[in-house]
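Hydrogens, waters and symmetry mates are skipped; everything else that's a heavy atom, side chains included, is used. Order of the sequence lines fixes the chain letters, A, B, ..., with proteins taken first and strands second; residue numbering starts at 1 for each chain.
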Amino acid sequence: MEISAKYTPAQIEAKWYKYWLDNRFFHSEPNEKEPYTIVIPPPNVTGVLHMGHMLNNTIQDVLVRRARMKGKNACWVPGTDHASIATEAKVVEKLKKEGIDKSSLTREEFLEHAWEWKEKHGGIILEQLKKLGASCDWERTKFTMDPDLSQAVINTFVHYYKKGWIYRGIRMVNWDPIGQTAVSDEEVIHKETQSKLYYIKYYVSDNKSEYVTIATTRPETIMADTAICVNPADSRYHSLKGKKVLIPLINREIPIIEDEYVDMEFGTGCLKITPAHDINDYEIGIRHNLPVIDILDDFGKLNSKAEILIGEDRFIARDKIVEMLKESGNFIKEEGYKSQVSYSERTNAVIEPKLSLQWFLKMKEAAEPALEYVMNDTIKLIPEKYKNTYRHWMENVKDWCISRQLWWGQQIPAWYLADGTYIVASNIDEALEIAKTKDSNITKEQLTQDPDVLDTWFSSWLWPISVFDTNVPGNKDAKPNRDLSYYYPTNDLVTAPEILFFWVARMIMAGHEFCNDVPFKNVYLTGIVRDKLGRKMSKSLGNSPDPLNLIEEFGADGVRVGMLLCSSAGNDILFDQSQVEQGRNFSNKIWNAYRLVRGWQVDANAEQPAESKEAVKWFESLLNSSINTIEDHFDKFRLSDALMTTYKLFWDDFCAWYLEIIKPSFGKGIDSNTYSSTLRIFDKLLKLLHPFMPFITEELWSNLEERRDGDSIMIANSPTVEEEIDTVLLADFNLIRGAIVEIRNIRQSKNISPKEELELYYKGQINIALLPVIYKMANISKIDLLENLEKEESGSSFLVNTTEFFVPLAGMIDIEQEIAKIDSEITHLTNFLNSIDKKLSNEKFISNAPKQVIDLELKKKSDSESKIANLSQIKEELLKKR
RNA sequence: GGGAGCAUAGCUCAGUUGGUUUAGAGCAUCUGCCUUACAAGCAGAGGGUCGGGGGUUCGACUCCCUCUGCUCCCACCA
């Protein structure tokens, strides 16, 4: 069969993915083997694959495939997250396009639309992951709003409520006027924004000629002011003590109060206090018993309490108020001012601090064990630098606002009675039972459930538990089922550092609370995928390639390699398509190596050439030592190093050296010994490559030998080191290799065709058994000792380590040039020798340095001395000849 | 404002408790090759004194101080 010179991935990938699925190779059930478990960070159910997912899931797949090939029972659990805010926003937007307003729908009607949307778009991203080759156990696919997972969330709420950690209270929360919900502190992004600082006069009420000047960035909230505040130590304002001022435009009277919070240096040293719309003002208000006037509605528009500009959006109102203040004579000036403005992560709306009634979970106690697990390395963060950040956060946790004013999610299991009290229970029937203990006449209809849903993270923090067993959360008596006790704690979690607190820390808390154990042992934190200019990839910048197009163009294996090559843990990835091209090129290289080997005919009568015999021995040693290196890299989660080691082993050592050495001459067959050794080596190389490049390795492995249906490289055992590594042979080979490179170098610089045979003479240490390799690889006709050389021959000399080589090149040599070359080498070595001598003659060095270091220096000294001697002798010969 | 991290060839990065022939890799570059697996290739080569300055040490890319530049996290100065 004719095989194309170019690897074409498309059909091959589809074929093998189907084969793996049909054979259920991804599926795992508890058995007697050691488990290896990863739970996927569930992507948003309506999300589409972006480069971050590509990186993250490639890494997970590499880890899972490798564990599987190391004989572990590997289980990678996939699934999606319901993502309250993001999904609800998408559904609202979609309805809007159809002319339907969310407010015109009942909760039930809206949820029907939402589920419809979820069924239609949900899981697209999981299908995309399949294109990447992800070996997830799809039979275990979960969704955070599956009925049983939702029930686990409810149970968790009840559990913490009973424990006394959940409470309801009025607090200043981060209000998202677009998302129409409270968001947690972690969902708020501070961005430096150019805004303005406005200086405004507030006249004293009993003396219209006197006024104070305040500086504010939010003039539209002056109608909500309930005081003016100065620092008690500020002598400028002592005369105003106890006086009252009038709010401009609406002329409401408010007191001047004193509080040390005020910074005398900033602005005018005079601060307007707006308890309803600023967290600090709110706290000052509590201290001074000030009223709270909330002039904004949930959409960020002025309400009737504002008295003026009712119904106007807060930002439009700002400009209008400024104009009005100018007209009324209260406006003094405005200056440019840079400040940190809070934005909602989900909707990018400017966050409005808002007082509202919310549910909270106490965090302090939960954080303690969760911190301990990480600090004592029960859970390892990779890279370690995140330990600091983690500790800082855990030592400063605040209570978690877990209620969201949304419909899409798990509704809070609290039922209100007519008298305003409430009952927390797992379901309405339980709630009714409890209610009946107070009032036996009460009916279901009289119970109203809290309309809010729980924060998405309140479900995803259970993920590593609830994908295996939904009984445990909130149910202390339930015994963990077989899956949970087998797969949990999971092994590795691969995720982005930005959700270390959102998600990772909380999973650790939940794991401790419900399973009394860590949820995972290692957390590998990937970097952010950026473009080559260092900008974060985003839709709005349009700088993100479509992952599926990339896969189509370069193959999944190529894309995986491209992503991994530049991804050390915790470092951001500067993505450049050229990396994917490199991955594609590598696929092609592997493909062609296979084409070469496959094209060979075995000649049963052929003897094994000496160089082939040596090459097999050498490569097997090298392969083993590489396996050790790769193992070490994986242990340290240095995946790109592991890949690079494999890459070079295949491309440089196997293709450029091994295959070239054993390659039979044109038209000849290959001896059976070398051939079978080569197949064995190829097999091992494919297995080493498989976790990184699953498709091409499966394709080639399946063709390498007769396979039966149900065979697969993905369930084969990865190669292990069985015999001792011959390090002497490796070193000997390197010397030979160095000599060959030098000879090729001479050819290039002297313009000698590779087809022209040369002779080689040497003096010094060399492994004679490897000489045949030189004959073949450097096209040498004769190798002999230097002492047997006719003295008058001219040629080119070089050293490899301390072995001297000479290539006779009668008439092709510029003797002056050769001498100059040798002179410069001697100078270099002499300088080097001097620096060693300086060290060795330093008494402090001799007395302080460890013996190995001194021995090494002595070895360096003797080596360079003998090199210099050799070179000097060569130079002498040359001088005689000129 | 507080905290953390980074700064090594054109680019992306290694360099594991300071000593391994006076700093490594991949890509890119340059030179020569369509050599019967691969031009998505082959062969060869060049390129950095480790951000600047100071210090500790027999010895520093590696430790300390300082300056410069960048990144990230946290934070309620209007």
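- Distances shorter than 4.0 Å separate some side-chain N or O of A/R744 from OP1 or OP2 on B/G44.
- The side chain of A/L856 lies closest to B/G19 when the candidates are B/G19, B/C72, B/A40.
- One atom, CG of A/N231, and another, C1' of B/C77, lie 13 Å apart when rounded to the nearest Å.
- Under the ring pair (Phe, Tyr, Trp, His ring centres under 6.0 Å) test applied with A/F586, the options A/W591, A/Y647, A/F554 reduce to a single match, A/Y647.
- In this structure, A/C229 reaches neither bases nor backbone, as no heavy-atom distance under 4.0 Å exists between it and the strands shown.
- Note on A/Y647: a side-chain N or O is less than 4.0 Å away from OP1 or OP2 of B/C27.
- A distance of 10.0 Å separates CG of A/N585 from OG of A/S578, quoted to the nearest 0.5 Å.
- Between the P atoms of B/G24 and B/G3, the separation comes to 39 Å (whole Å).
- With distances taken from any side-chain atom of A/F845 to the nucleotides B/A78, B/G19, B/C74, the minimum falls on B/G19.
- Among the heavy atoms of the strands lying under 4.0 Å from A/Y337 are primed sugar atoms or P, OP1, OP2 only; no base atom is included.
- Contacts of A/K861 with the nucleic acid, taken as non-hydrogen atoms under 4.0 Å apart, are absent.
- Residue contacts for A/K272: at a heavy-atom cut-off of 4.0 Å it reaches no nucleic acid atom on any strand shown.
- Comparing A/W657 and A/K6 against RNA chain B, the residue whose closest nucleotide sits nearer the 5' end is A/K6.
- In this structure, A/F654 atom CZ and B/A37 atom C1' are separated by 11 Å, rounded to whole Å.
- Comparing A/F501 and A/Q579 by the nucleotide of RNA chain B that holds the closest heavy atom to each, the one mapping nearer the 5' end is A/Q579.
- Backbone-only contact: A/T389 has heavy atoms under 4.0 Å from sugar-phosphate atoms and none from a base.
- Counting non-hydrogen atoms under 4.0 angstrom, A/P353 reaches nothing in the nucleic acid.
- Taking only side-chain atoms of A/N831, from C-beta outward, the nucleotide of B/A78, B/U22, B/C74 with the closest atom is B/U22.
- In this structure, CD of A/Q748 is placed 12 Å from P of B/A43, rounded to the nearest angstrom.
- Dashed line: the shortest gap from a side-chain N or O of A/K636 to OP1 or OP2 of B/U16 is not under 4.0 Å.
- The cationic atom of A/K196 (NZ for Lys, CZ for Arg) does not lie both less than 6.0 Å from the six-membered ring centre of A/Y337 and within 45° of the ring axis.
- Taking atom CD of A/E756 as the reference point, atom P of B/G32 lies 19 Å away to the nearest angstrom.
- Close to B/A78, at under 4.0 Å from its OP1 or OP2, lies no side-chain N or O of A/Y198.
- Under 4.0 angstrom from either OP1 or OP2 of B/A75 there lies no side-chain N or O belonging to A/W393.
- The CG-C1' distance, from A/L574 to B/G10, rounds to 15 Å in whole Å.
- Put simply, CD on A/Q340 is 14 Å from C1' on B/A78, counting in whole angstrom units.
- Ring-centre distance between A/F682 and A/F654: below the 6.0 Å cut-off.
- Of all nucleotides listed (B/A78, B/G44, B/A4), B/A4 comes nearest to the side chain of A/N388.
- Across the strands present, B/U71 finds its partner in B/A4; the criterion is a Watson-Crick or G-U wobble pair with both atom distances under 3.5 angstrom.
- Between A/N745 and the phosphate of B/A43, there is no side-chain N or O to OP1/OP2 separation shorter than 4.0 Å.
- For an aromatic pair to be called close, the ring centres must be under 6.0 Å apart, and A/Y386 with A/Y390 fails this.
- Summarising the geometry, the separation between CH2 on A/W600 and C1' on B/A37 is reported as 9 Å, rounded to the nearest angstrom.
- Side-chain atoms of A/W651 lie closest to B/G41 of the nucleotides B/G41, B/C27, B/C38.
- In this structure, A/T217 reaches the sugar-phosphate backbone alone: every heavy-atom distance under 4.0 Å involves primed, P, OP1 or OP2 atoms, never a base.
- Look at A/K821 and A/E825 and you find no salt bridge, because none of the NZ, NE, NH1 or NH2 atoms lies under 4.0 Å from a carboxylate O.
- Distance noted for atom C1' between B/A39 and B/G32: 14 Å (whole Å).
- Between A/D632 and A/K636 there is a salt bridge, with a side-chain nitrogen of the basic residue lying less than 4.0 Å from a carboxylate oxygen of the acidic one.
- When heavy atoms are screened at a 4.0 angstrom cut-off, A/S864 is found touching no nucleic acid atom at all.
- Within the 4.0 Å cut-off from OP1 or OP2 of B/C58, not a single side-chain nitrogen or oxygen of A/N842 is found.
- In this structure, A/R638 reaches the B/G15 phosphate: one of its side-chain N or O atoms is under 4.0 Å from OP1 or OP2.
- Atom name C1', nucleotides B/C77 and B/U16: the rounded distance is 45 Å, in whole Å.
- Closest approach to the A/K385 side chain among B/U22, B/A40, B/G5 is made by B/G5 (side chain taken as heavy atoms from C-beta onward).
- Here A/K859 lies in heavy-atom contact (under 4.0 Å) with a base.
- Straight-line distance from the CG atom of A/L840 to the C1' atom of B/C58: 11 Å, rounded to whole Å.
- Contact annotation: A/K589 side-chain N/O to B/C42 OP1/OP2 distance is under 4.0 Å.
- When the nucleotides B/G26, B/C72, B/A75 are ranked by their closest atom to the side chain of A/Q582, B/G26 comes out on top.
- Checking B/A14, B/A78, B/A37 against every side-chain atom of A/D641, the shortest atom distance belongs to B/A14.
- For the C1' atoms, the distance from B/G46 to B/G55 is 36 Å, rounded to whole Å.
- Side-chain N or O atoms of A/Q579 include one that pairs as donor or acceptor with a backbone N or O of A/L574 at under 3.5 Å.
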